[in-house]
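Data first, discussion second: the structure below is written as structure tokens.
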Number of protein chains: 2
Amino acid sequence: METGIANLLGALSLAVMDRIEQGAREVIGRGGETPAALVVIGYGQGMTNDKLRRILGLSHSGTVRLVDRLVSDRLVERRPGKDGREIALYLTATGAAARNDLMASRLSAVASLLDVLSPAETKRLGTLLHELLARQDTSELDRFTICRRCDDRVCTNCPLPTNKGKRDR
Amino acid sequence: METGIANLLGALSLAVMDRIEQGAREVIGRGGETPAALVVIGYGQGMTNDKLRRILGLSHSGTVRLVDRLVSDRLVERRPGKDGREIALYLTATGAAARNDLMASRLSAVASLLDVLSPAETKRLGTLLHELLARQDTSELDRFTICRRCDDRVCTNCPLPTNKGKRDR
DNA sequence: CCAAATATGTGCGTAGCGCACATATTTGGT
DNA sequence: ACCAAATATGTGCGCTACGCACATATTTGG
């Protein structure tokens, strides 16, 4: 039955996220969207508060307070942005190191569930996951949201498309 | 690369859980472990506070307050347990209906990501997911934790083993 | 040039959770 | 039969993470 497979994917996803979040809390002592924020800020230099808000799916004030926490933890710095209204978020050296630890912890958590499969099975699963993600109808923002905890050191050529809403114009 | 596949599974799991949690919040207006508690209480009649605590991975007081919320929402009732110390948690009629809505919303959320695959691909993915889960080294408690949001209407023969720590004795 | 749009920050409140402590019941050893 | 330890629940208090409403500063566009 198809719903049975959906149920299995739901169960596995829960197990995966449980382990990722537990690891993240051990690494930076924060939960919620805070670890994701650290990863996202590390993607591009000059992330703004507002872009971060949209990617994380938080309210504006929630994002401001999240950045407050990262700043008070000495992981992120607020600098003046190009536009006089914007701020530019930058990782400190400590923040960059924490971000690496965070992503390593995440990969290790997923691998601990994944390593029961043989290399051939893992490869088959990888192919299916790649196709599944590649066929999603995602905007550029959706892509950042889904990838908000992804490890850019290992995720070369992300399968997610970024052209939703860009056709027919 | 193997870590690339772990990264993809991490990304998909995040997307799956985002959608499940959003749906759960729309259905019962609660987040965190509250939806899982409703599902778990519905599994067996007479769930105790302490068993629930272990399955959800919460503190004792957190569980008491969680049940307080479910009771004040008229979804759950506290009844005297077999043991004079225990309480027995039961779903109200409203609670049982909310639980069904919750599980349907979850399956629909997963299916919305899954339905880009062909039937053959879905079946292959199902086989791999089944194997992946079946080979985990899980205790009976681990199994309940991983399955704490599973739909018992569609998950006949759960692949997860329940014999960790029961060998060598 | 000024209203609307954009971007950030703040006061205040809530949900969800943990720690430490209190209370009630049961179990087990003597 | 007794009493200490174990088991199970409830409570006071505080914290983290978040949203809503409002305030402020800068830029854009007609």
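Sequence lines set the chain letters: A, B, ... in the order given, protein chains first and strands last, and positions in each chain run from 1.
- Under the Watson-Crick or G-U wobble criterion, with both distances below 3.5 Å, D:dT27 is paired with C:dA4.
- Atom CZ of A:Arg135 sits about 11.0 Å away from atom CG of B:Asp115, to the nearest 0.5 Å.
- Set against D:dC13, D:dG10, C:dT8, the side chain of A:Asp50 has C:dT8 as its closest nucleotide.
- Comparing A:Thr63 and B:Lys51, the nucleotide of DNA chain D nearest to each residue sits closer to the 5' end for B:Lys51.
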*Could you check B:Asp18 against A:Arg148 for salt bridge (Lys or Arg N to Asp or Glu O under 4.0 Å), going step by step and ending with a plain yes or no?*
CA-CA 12 Å; B:Asp18 277 354; A:Arg148 71 190 188 273; 2.7 Å; yes
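- Of the candidates C:dG18, D:dC20, D:dG10, the closest approach to any side-chain atom of A:Ser61 belongs to D:dC20.
- Judged by distance alone with a 3.5 Å cut-off, no donor-acceptor contact links the side chain of B:His60 to the base of C:dG18.
- As judged by a 4.0 angstrom heavy-atom cut-off over every strand, B:Arg53 is placed among residues making no nucleic acid contact.
- Two residues, B:Ile87 and A:Thr34, neighbour DNA chain D, and the one matched to the more 5' nucleotide by heavy-atom proximity is B:Ile87.
- Looking at B:Thr145 and B:Asp142, their side chains never bring a donor and an acceptor atom within 3.5 Å of each other.
- No contact: A:Arg25 has no heavy atom under 4.0 Å from any strand.
- Atom CD in A:Glu86 sits about 13 Å away from atom C1' in C:dA5, given to the nearest Å.
- For C:dG18, neither phosphate oxygen OP1 nor OP2 lies less than 4.0 angstrom from any side-chain nitrogen or oxygen of B:Arg65.
- Considering only the side chain of A:Val64, C:dG9 comes nearest among D:dG12, D:dG10, C:dG9.
- Note on B:Arg69: a side-chain N or O is less than 4.0 Å away from OP1 or OP2 of C:dC17.
- Nucleic acid contact class of A:Arg30 (heavy atoms, under 4.0 Å, all strands): sugar-phosphate only.
- The residue A:Thr48 sits close only to the backbone: its heavy atoms come under 4.0 Å of sugar-phosphate atoms, none of a base.
- Defined by atom type and a distance below 3.5 Å, a donor-acceptor pair is missing between the side-chain atoms of A:Asn49 and A:Arg78.
- Within 4.0 Å of B:Arg54, counting heavy atoms only, lie sugar-phosphate atoms of the nucleic acid but no base atom.
- In the hydrophobic cluster analysis, where Ile, Leu, Val, Met, Phe, Trp and Tyr join through side-chain heavy atoms closer than 4.5 angstrom, A:Ile20 is grouped apart from A:Met103.
- Within 4.0 Å (heavy atoms only), B:Gly81 reaches no atom of the nucleic acid at all.
- The residue B:Asp83 sits close only to the backbone: its heavy atoms come under 4.0 Å of sugar-phosphate atoms, none of a base.
- Minimum atom distance to the side chain of B:Glu33 is reached by C:dC17, of the listed D:dT9, C:dA5, C:dC17.
- Among the nucleotides D:dA8, D:dC20, D:dT11, the one closest to any side-chain atom of B:Arg85 is D:dA8.
- Taking a pair to require two hydrogen-bonding distances under 3.5 Å in either a Watson-Crick or a G-U wobble arrangement, D:dA17 pairs with C:dT14.
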